[in-house]
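To start, I am sharing the structure in question, which I have written as structure tokens.
Model, not experiment: these values are computed from the prediction.
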Amino acid sequence: MAKGRRSKTGITGKKGATVDDGRDKSADQPAAGPGDWKAARAWMAGVASATLIAAIGVVFTAWYTTSGPDTIDHIRGEPPLTVGHVAVDYDERPLVLREPVTTPADRAILLGRGADPADVAAMLARHHVATIGDMTTTVVLVGNRSSLRIIDIKPRVLTRAPPAQGAYLNPGSASGQTDTVELIADLDRRPVRFGTKKELRTPYFRTKQIDLKRDERVTLSLSIVGETAYYEFDLVATVLTADRSEEIVIHGPGGVPFRLTGPASSYRTAYRAAGYGGGWVPMPTDQTCTTSDKC
């Protein structure tokens, strides 16, 4: 039998078969160099970074979905509740101006026919127009948080003075009655609180609140009465968000206070609606509303 020849890795027998000589083969493998370790570290760092980014993404998505918009709005100073609309019902109601109309420009608007409604509204506002005895205002509130609760709304009296008597404006078909409203407040009573028509003395928000979510709306029809004085007031809503209360001030149309006056014993001037085409014409002051039952 021919003897096998020794190779570098073992003994080669017949037909080129290799026979293990029992030596450690790892010693014959090339050692890992600095480049191999750098590549391994880079790969491990990449895997760790990808895992961390994915985890952060999941946490951020969950946070943003639940609290992100609220936090951003809070940082920006956005109120939790916004006023979408506010209006006072002046239609077919006797009105009183606190100051008489004396300037030529304003008298031209008051007495002229076909005056621009915006000019008429501005003229009335300049003379502190007020309804007599009671008023109805519509307020639309819009939620600006993922969850909020209106825990109170109350009138805040800014000015209290004797009843206005500058000029009386008679629309010609006033009844002095208002439609059924959700809430009512009496400015002549202290403290001033909203109640219901049936339970005026019981504060409405003592047992009931209004819950809103982001972009949800609530429409309030608010009736305010006052017969003993001239009042200027706004509305203050107390809003609870994330266990933090905040006050939101609701102004009247045009950003001015709401105005209400009791009937005066007499008026310096008086006008009635001129009919088609708009404007007013002078009328006798003894035909004006001077008592609550006449208003």
Side-chain angles (χ1 to χ4, degrees), residues 85-139 157-179 181 187 221-234 250-295:
H85 175 74
V86 60
V88 175
D89 182 11
Y90 290 125
D91 293 341
E92 298 185 352
R93 296 293 310 277
L95 306 175
V96 176
L97 307 184
R98 194 176 186 190
E99 298 86 12
V101 182
T102 57
T103 66
D106 284 345
R107 286 186 62 81
I109 295 173
L110 177 69
L111 303 175
R113 291 176 175 266
D116 189 308
D119 293 337
V120 174
M123 182 273 295
L124 295 177
R126 284 194 295 273
H127 291 80
H128 300 86
V129 63
T131 58
I132 302 176
D134 62 84
M135 64 179 293
T136 300
T137 179
T138 301
V139 178
V157 175
L158 306 174
T159 300
R160 189 179 189 277
Q165 57 180 6
Y168 175 90
L169 304 181
N170 185 354
S173 59
S175 63
Q177 302 296 320
T178 61
D179 295 333
V181 296
L187 300 183
S221 183
L222 306 176
S223 179
I224 297 95
V225 299
E227 298 182 351
T228 63
Y230 166 85
Y231 294 99
E232 293 186 356
F233 63 97
D234 54 24
I250 303 170
H251 301 287
V256 301
F258 297 97
R259 298 186 176 100
L260 176 67
T261 185
S265 58
S266 63
Y267 299 95
R268 297 171 63 181
T269 56
Y271 305 84
R272 61 176 175 81
Y276 182 77
W280 286 270
V281 295
M283 64 174 283
T285 57
D286 59 1
Q287 297 179 11
T288 60
C289 170
T290 55
T291 61
S292 298
D293 57 344
K294 289 181 64 176
C295 295

Discussion item. As a quick check of understanding, evaluate side-chain contact (heavy atoms from CB on, under 4.5 Å) for V281 and R272, giving each step before the final call.
Written reply: CA-CA 6 Å; V281 295; R272 61 176 175 81; 3.6 Å; yes
Fill in: N/O donor-acceptor pair under 3.5 Å between T285 side chain and T269 backbone
no
Item to complete: Over all heavy atoms of both residues, which pair between T137 and A87 is shortest? Give the atoms and the distance, please.
Response: OG1-O, 2.8 Å
Worksheet item: What is the distance from atom CZ of R259 to atom CE of M135, rounded to the nearest 0.5 Å?
Response: 10.5 Å
Practice prompt. Quick one: closest heavy-atom pair of P284 and A270, and the distance?
Written response: O-CB, 4.2 Å
Worksheet item: Mind checking whether T228 and R160 have side chains closer than 4.5 Å, heavy atoms only?
Response: yes
Worksheet item: Is the F258 ring parallel, tilted or perpendicular to the F233 ring (thresholds 30°, 60°)?
Response: parallel
Practice prompt. Check whether any side-chain heavy atom of L110 sits under 4.5 Å from a side-chain heavy atom of M123, and report yes or no.
Written response: yes
Item to complete: Please check if the side chain of Y168 supplies one atom and the backbone of Q165 the other of a donor-acceptor pair under 3.5 Å.
Response: no
Discussion item. Taking G279's backbone N and O only, do any of them form a donor-acceptor pair with Y271's side chain (distance below 3.5 Å, no angle check)?
Written reply: no
Response to the item:
Test side chain to side chain contact (heavy atoms under 4.5 Å, CB included), reference Y90, set L124, V129, L169, T136, output is V129
Worksheet entry | Approximate separation, where rounding is to 0.5 Å, of D89 CG and T138 OG1 | 7.5 Å
Item to complete: Taking all heavy atoms of V96 and all of A164, pick out the closest pair and write down the distance.
Response: CG1-O, 3.3 Å
Discussion item. To the nearest 0.5 Å, what is the distance between CD1 on I109 and CG on D116?
Written reply: 9.0 Å
Worksheet entry | Any D106 side-chain heavy atom under 4.5 Å of H127 side chain | yes
Fill in: Which atom of P171 lies closest to which atom of A273, heavy atoms considered
O-CB, 3.5 Å
Worksheet entry | Minimal non-hydrogen separation, G166 against R268, with atom names | O-CB, 3.7 Å
Worksheet item: Hey, are the side chains of L95 and I132 touching, using non-hydrogen atoms and a 4.5 Å cut-off?
Response: no
Practice prompt. Please examine the side chains of Y230 and R98, heavy atoms only from C-beta on, and report whether any two atoms are closer than 4.5 Å.
Written response: yes
Practice prompt. Compare all side-chain heavy atoms of V139 with those of H85 and state whether any distance is below 4.5 angstrom.
Written response: no
Discussion item. Closer than 3.5 angstrom, by distance alone: can the side chain of T131 be matched with the main-chain N or O of L260 as a donor-acceptor pair?
Written reply: no
Discussion item. I need the minimum non-hydrogen distance between P263 and C289, along with the two atoms involved.
Written reply: CB-O, 4.2 Å
Worksheet item: Would you call E232 and H128 a side-chain contact if the rule is heavy atoms closer than 4.5 Å?
Response: yes
Worksheet item: Any side-chain heavy atom of I250 within less than 4.5 Å of one from D234?
Response: no
